Amino acid sequence: DISETIVYSNGRAEDTVGSTSRSLPLERAVTSFSPDFPAVFLSAALNNPDTALRFIGSETLDGLAVQHIRFWNTFSSHPDLLSLARLTVTDLWISADSGLPYKLSFTQHEAGGDAPSAPVEVYYSNYRAINGVLYPCLTRKSLNGTPWATASLTAISGCNRRE
């Protein structure tokens, strides 16, 4: 069995397959993140002073009333990265009834220019409260319009541990 680990941190990305690691292009680093738990990426976006938000409007998605919001990193505090801002556009649809994320859409870029890019869509459902935090226990992902992964959260360990 060969495992793959991709780490995105502080504007850098590294891919490790087995014992071989390689740095990923800056475009990949700024357009990739783990969308599995919406609270994590939303918190990061809202705590970034360079994040811009735009309310797109009320919509109906899969028969559900949603609020469509678009956000992106302007890189205002990093002028040398301004050209990457257009790559970070992310769309979020929030359920009008529950106020919880329903769908997330973004494009993952492998590099600049004509390098491949792939649209990613993530759908969240079956929210459950675990230690007072609502987690989507069912996540469906598509890559380039093709169903790619379905994840079902059945347990979270370590939530009751105090440090």
Side-chain angles (χ1 to χ4, degrees), residues 2-62 64 66-96 99-125 127 133-136 138-151 153:
I2 296 177
S3 66
E4 178 179 21
T5 303
I6 302 176
V7 176
Y8 304 103
S9 179
N10 295 320
R12 297 188 54 207
E14 184 173 284
D15 184 19
T16 303
V17 179
S19 61
T20 305
S21 293
R22 68 182 176 106
S23 290
L24 297 174
L26 186 57
E27 292 85 356
R28 175 78 182 265
V30 300
T31 62
S32 299
F33 53 89
S34 175
D36 294 335
F37 296 109
V40 174
F41 73 80
L42 286 174
S43 175
L46 293 174
N47 284 302
N48 178 354
D50 290 343
T51 296
L53 296 165
R54 177 178 294 145
F55 178 65
I56 303 300
S58 298
E59 300 176 2
T60 301
L61 188 60
D62 302 327
L64 180 70
V66 294
Q67 303 297 320
H68 184 179
I69 299 167
R70 180 170 291 150
F71 60 97
W72 63 96
N73 189 339
T74 65
F75 293 106
S76 296
S77 63
H78 302 282
D80 53 325
L81 299 177
L82 288 175
S83 64
L84 299 173
R86 65 180 178 76
L87 303 179
T88 67
V89 174
T90 303
D91 287 284
L92 175 67
W93 290 265
I94 298 173
S95 167
L100 296 170
Y102 176 69
K103 178 184 175 185
L104 181 76
S105 175
F106 61 98
T107 300
Q108 185 171 310
H109 297 269
E110 289 301 315
D114 291 334
S117 62
V120 177
E121 290 185 337
V122 184
Y123 288 86
Y124 306 101
S125 61
Y127 280 87
V133 177
L134 290 170
Y135 287 92
L138 185 62
T139 305
R140 294 177 292 123
K141 298 177 189 176
S142 69
L143 183 63
N144 233 6
T146 302
W148 173 55
T150 298
L153 181 64

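If you're wondering where the values come from, they're calculated on a predicted model, not measured in any experiment.
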Among residues at least two apart in sequence or on other chains, which ones pass ring pair (Phe, Tyr, Trp, His ring centres under 6.0 Å) with Y123?
Y102

Just so I know, are the side chains of L53 and I69 near enough to count as touching, which here means a heavy-atom distance under 4.5 Å?
yes

Can you list everything that forms a side chain to side chain contact (heavy atoms under 4.5 Å, CB included) with L143? Sequence neighbours excluded, please.
A118, V120, W148

Taking all non-hydrogen atoms of both residues, which atom of S117 and which atom of N144 are closest, and how far apart?
O-OD1, 4.5 Å

Measure across P136 and F37 and return the closest heavy-atom pair with its distance rounded to 0.1 Å.
CD-CD2, 4.4 Å

Results of side-chain hydrogen bond (donor to acceptor under 3.5 Å, both in side chains) for S21 - residues two or more places apart only:
T16

Residues forming a side chain to side chain contact (heavy atoms under 4.5 Å, CB included) with E59, sequence neighbours excluded:
I56, V66, H68, W93

Report the C-alpha distance between T107 and L87 in whole Å, list the side-chain angles of each, state the deciding distance to 0.1 Å, and finish with yes or no for side-chain contact (heavy atoms from CB on, under 4.5 Å).
CA-CA 7 Å; T107 300; L87 303 179; over 6 Å; no

Derivation and outcome, side-chain contact (heavy atoms from CB on, under 4.5 Å), residues R140 and V122:
CA-CA 6 Å; R140 294 177 292 123; V122 184; over 6 Å; no

State which residues pass side-chain hydrogen bond (donor to acceptor under 3.5 Å, both in side chains) with S142; sequence neighbours excluded, sorted by chain then number.
none

Once side-chain hydrogen bond (donor to acceptor under 3.5 Å, both in side chains) is applied, do any residues pair with S58, and if so which ones, sequence neighbours excluded?
Q67

Among all residues two or more places apart in sequence or in another chain, which pass the ring pair (Phe, Tyr, Trp, His ring centres under 6.0 Å) test with Y124?
none

Taken in chain and number order and not counting sequence neighbours, the residues that satisfy salt bridge (Lys or Arg N to Asp or Glu O under 4.0 Å) with D36 are K141

For S76, check side-chain hydrogen bond (donor to acceptor under 3.5 Å, both in side chains) against everything at least two apart and list the hits.
T74

Given 3.5 Å as the limit, does a donor-acceptor pair link the side chain of T88 with the main chain of W72, or not?
no

Looking at residues at least two apart in the chain, or sitting in another chain, which of them share a ring pair (Phe, Tyr, Trp, His ring centres under 6.0 Å) with F41?
F33

So, taking the atom named OG in S125 and the one named CG in L138, what distance separates them when rounded to the nearest 0.5 Å?
4.0 Å

State, yes or no, whether a side-chain contact exists between V89 and F106 at a heavy-atom distance under 4.5 Å.
no

Partner set under salt bridge (Lys or Arg N to Asp or Glu O under 4.0 Å) for R54, not counting sequence neighbours:
none

Approximate separation, where rounding is to 0.5 Å, of Y127 OH and L153 CG
12.0 Å

Under the salt bridge (Lys or Arg N to Asp or Glu O under 4.0 Å) definition, can you give me all pairs with a residue in residues 68-85, not counting sequence neighbours?
R70-D91

Would you check if the side chain of N48 reaches a backbone N or O of A44 as a donor-acceptor pair within less than 3.5 Å?
no

Inter-residue atom distance N73.CG - L81.CG, 0.5 Å rounding
8.5 Å

State whether the side chain of D62 and the backbone N or O of L64 hold a donor-acceptor pair below 3.5 Å, judged by distance alone.
no

Please tell me if the side chains of L104 and T90 come closer than 4.5 Å, counting only heavy atoms from C-beta onward.
yes

